[in-house]
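Worksheet: one structure, shown below.
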Amino acid sequence: MTSLSFEFGNTPCAPIIGYYLDLYFDFGAICLMSAVDIITLWKVKKFAQQTNAHREVNRKRRKDVQLLFQVIAQAGIAMFELNSYYFGSKLFGSKLIKFASTTISWMLLQMGDGAIVIIFNKELRTLKSKESGSV
């Protein structure tokens, strides 16, 4: 074993799979989602300016904006992980640092994704406290 992390093999297909299907496709998907998120935020603000200050509409709009920020935070973590995997791991020669920038960054992505869902969703935070109090 020459490395402590996952690497694409030395085959003719490896660069195609590694860069085009994994890196560029993921970056493209995240950029597309970010563009849709920005358009959505713009439309939510435009809609809020056009409507009266009705309580139910404001509450729904607040939840939509909160979901939008949750998606943006999750996309940011995914971009960090992709940069760490493809670019950060190439900067250092140490096996341990390569392991940290590939495998550990992947684990941190999964953990951060779950933490963002819990942080942005009050229902999940209150569910935990209700269950622990009903023992």
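All values derive from a computational prediction rather than experimental measurement.
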Would the number of heavy atoms belonging to other residues, nucleotides or ligands and lying under 6.0 Å from CZ of Phe27 be above 12?
->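 It does: Phe27 CZ has more than 12 such atoms within range.
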Kindly work out whether a path of hydrophobic side-chain contacts (I/L/V/M/F/W/Y, heavy atoms less than 4.5 Å apart) joins [X] to [Y].
{"X": "Ile104", "Y": "Phe80", "result": "no"}
{"X": "Phe87", "Y": "Ile30", "result": "yes"}
{"X": "Val65", "Y": "Val36", "result": "no"}

Do Tyr85 and Leu82 have side chains that get closer than 4.5 Å, going by heavy atoms?
->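 Tyr85 vs Leu82: side chains apart.
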Determine whether Ile77 and Ile116 make a side-chain contact, defined as any pair of heavy atoms from C-beta on separated by less than 4.5 Å.
->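 Yes; the side chains approach each other to less than 4.5 Å.
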Rounded to the nearest 0.5 Å, what's the gap from [atom1] on [X] to [atom2] on [Y]? Could you check?
{"X": "Ser34", "Y": "Ile39", "atom1": "OG", "atom2": "CD1", "answer": "11.0 Å"}
{"X": "Ile72", "Y": "Ile38", "atom1": "CD1", "atom2": "CD1", "answer": "7.0 Å"}
{"X": "Tyr24", "Y": "Cys31", "atom1": "OH", "atom2": "SG", "answer": "12.5 Å"}

Using modelled atom types only, decide if a donor and an acceptor are shared between the side chain of Thr102 and the backbone of Lys98 within a distance under 3.5 Å.
->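 Yes, the answer is positive, given that a donor and an acceptor are paired below the 3.5 Å cut-off.
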Would you check if the side chain of Asp113 reaches a backbone N or O of Leu109 as a donor-acceptor pair within less than 3.5 Å?
->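 No.
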Phe120: what forms a ring pair (Phe, Tyr, Trp, His ring centres under 6.0 Å) with it, not counting sequence neighbours?
->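 If we apply the ring pair (Phe, Tyr, Trp, His ring centres under 6.0 Å) test to Phe120, skipping adjacent residues, there are no hits.
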For Asn121, enumerate each residue passing the side chain to side chain donor-acceptor pair (under 3.5 Å) test, keeping only those at least two apart in sequence or located in another chain.
->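 Asn121 satisfies side chain to side chain donor-acceptor pair (under 3.5 Å) with Gln70 once adjacent residues are dropped.
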Taking only residues two or more places apart in sequence, or in another chain, which ones meet Glu81 in a side chain to side chain donor-acceptor pair (under 3.5 Å)?
->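 For Glu81 there are no side chain to side chain donor-acceptor pair (under 3.5 Å) partners, ignoring immediate neighbours.
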